[in-house]
Amino acid sequence: MTAASAGPVERAAVDGLPVDFVWGAATAAYQIEGAAAEDGRTPSIWDTFSHTPGAVAGGDHGDTACDHYHRMPEDVALLADLGLDAYRFSLSWPRVQPGGRGPANARGLAFYDRLVDELLAKDITPWVTLYHWDLPQELEDAGGWPNRDTAYRFAEYAGIAAAALGDRVTNWITLNEPFCSAMLGYYHGVHAPGRKHFPDFTKAAHHLLLGHGLAVKEVRAQAALPPRIGITFNPVLAQPASTSPEDVEAARRADALGARLYLDPVLRGSYPEDLLADLAPHGAEPPVEDGDLRTISQPLDFLGINYYFRDVVRPSDEPHGYLSVPQTERPSTAMPWEIYPEGMTELLTRITREYPGLPLYITENGAAFDDTSSAVDEAGRIQDENRIVFLADHLAAIGRAREAGADVRGYFCWSLMDNFEWAYGYAKRFGLVHVDYDTQRRTPKASALWLRDAVAASRGR
Ligand code: IFM
């Protein structure tokens with residue numbers, strides 16, 4: 001990459017951010033690692049789901065993905081070239097503890113040992129996510145997240161990870177987006193394990209949160225260095241399609257199910273009353289046992305927020321009670337998700353107002369665009385101007401949230417490189433770095449160089 005030369009656009013984007021702001025990129029194990037059956041790893045629910053005909057676009061799966069398992073040093077070098085402070089990655093549970101029970105798998109852990117050492121050698125701080133959706137298949141066969149025992153299995157695995165890596169890793173995230181694990185996996189059925197049962201979804205959500213609380217305790221007990229522990233939510237930013245009472249009510253339901261179902265128990269130690277009233281007619285109240293809410297609401301060191309788009313809603317007769325109204329007036333990404341940077345400011349100021357007290361980190365934000373068909377110049381470089389504008393606008397929106405009092409301390413771009421985008425397969429490219437899946441060649445896009453310059457601009461003030 002060429003030398004950094006921050007221009008006015010980069011400087012404007014980072015204007016509202018402090019010099020000690022943490023700059024990072026994020027990935028997740030199943031989306032990049034490949035090596036699905038190597039060194040003792042056993043299948044996760046995503047291996048099973050992606051090999052189920054019709055489940056994932058193009059029949060894609062993560063067997064090889066970005067082959068990061070074998071190319072890790074090259075990928076860490078990319079992070080270093082971008083001048084990033086931090087790298088958020090997830091551990092593959094079935095690599096660390098095959099089958100989700102019993103002893104650790106030394107060969108699987110050795111990979112994360114090498115990764116952590118490689119990062120530290122390059123002065124990049126590791127941020128470890130313990131669960132980014134790859135539940136060991138054996139635990140799904142035993143009932144999955146709707147089964148209470150899965151929470152205890154998760155805590156055991158968290159302890160194994162903290163004992164092995166907690167002498168070098170200090171930043172821990174228990175769960176990534178439990179909304180997606182629970183709602184998309186157990187109700188809408190579009191994510192692994194592909195189940196469609198409304199009461200199972202709230203059982204799954206409760207046990208994910210219980211697992212979070214138990215894991216916080218385990219990490220604190222097992223890590224050699226004092227850990228900083230948080231959880232990452234993607235709170236739905238629900239807005240009514242109109243001012244009609246029906247649409248306003250649909251937005252309340254979407255907010256309850258998509259945001260407060262997670263925020264309230266973790267940060268306030270209770271489930272919202274209106275949510276419980278919504279769930280009762282469906283026999284879908286969370287299966288709370290004595291002491292659960294105390295466990296779930298362990299003190300945390302930070303809150304991770306992922307933001308991509310808002311959800312404009314109106315009522316539906318389905319149990320969850322709302323449906324999304326596609327927004328077509330503004331540009332959208334390739335997902336297609338409406339581009340709505342104001343939502344970043346709205347979400348962060350709302351969290352600050354209603355759930356005050358924790359430092360906030362944007363643990364994911366980014367955009368998929370059709371880079372390979374529309375942004376390649378004559379020299380073969382990917383000129384992804386649209387992604388640059390997206391990043392600049394969202395960083396500026398974080399700056400505005402900070403001005404309004406939100407204690408946002410860092411930003412992790414999703415994603416370091418193109419990868420397996422779950423049910424969309426490899427067709428959707430979120431990377432700062434382009435991946436040619438035939439050759440596994442990595443090529444930084446213009447947005448990667450732009451982010452590198454923005455980071456330099458942010459530090460050079
Ligand atoms: O790729 C995902 C990631 O795994 C979780 N958050 C949203 C991203 C884009 O869909």
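None of these values were measured; they are calculated from a predicted model. In each ligand, atom 1 is the first atom listed, and ligand 1 is the first ligand listed. All residue numbers refer to positions in the sequence shown, counting from 1.
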Discussion item. Measuring centre to centre across the rings, with the benzene-like ring taken for any Trp, is His197 within less than 6.0 Å of Phe201?
Written reply: no
Discussion item. Would Asn306 count as a polar contact of ligand 1, with the cut-off being nitrogen or oxygen pairs under 3.5 Å?
Written reply: no
Worksheet entry | Contact check, Lys428 vs ligand 1, heavy-atom distance below 4.0 Å | no
Discussion item. Just checking Phe309 against Tyr340, ring centres under 6.0 Å apart?
Written reply: no
Worksheet item: Do Trp414 and Phe412 have ring centres separated by under 6.0 Å?
Response: no
Worksheet item: If you measure from the Lys or Arg side-chain nitrogens to the Asp or Glu carboxylate oxygens, is any gap between Arg268 and Asp264 under 4.0 Å?
Response: yes
Fill in: Salt bridge present between Asp371 and Arg387 (N-O < 4.0 angstrom)
yes
Discussion item. For atom 1 (O) of ligand 1, what's the nearest protein heavy-atom neighbour? Residue, atom name and distance, please.
Written reply: Glu421 OE1, 2.6 Å
Discussion item. At under 4.0 Å between heavy atoms, is it the side chain or the backbone of Tyr30 that contacts ligand 1, or both, or neither?
Written reply: neither
Worksheet item: What is the nearest protein non-hydrogen atom to atom 7 (C) of ligand 1, stated with its residue, atom name and distance?
Response: Glu364 OE1, 3.2 Å
Worksheet, complete the sentence: Restricting to heavy atoms, the pick from Tyr308, Phe420, Phe430 nearest atom 8 (C) of ligand 1 would be Tyr308
Discussion item. Side chain or backbone, does Trp133 bring an N or O within less than 3.5 Å of an N or O on ligand 1?
Written reply: no
Discussion item. Centroid separation under 6.0 Å, is that true for the rings of His191 and Trp145?
Written reply: no
Fill in: Numbered atoms and elements of ligand 1 in range of His132, under 4.0 angstrom, heavy atoms
3 (C), 4 (O), 5 (C)
Worksheet entry | Over 12 foreign heavy atoms within 6.0 Å of CZ, Arg153 | yes
Discussion item. Counting only nitrogen or oxygen atoms and a 3.5 angstrom limit, does Asn176 reach ligand 1?
Written reply: no
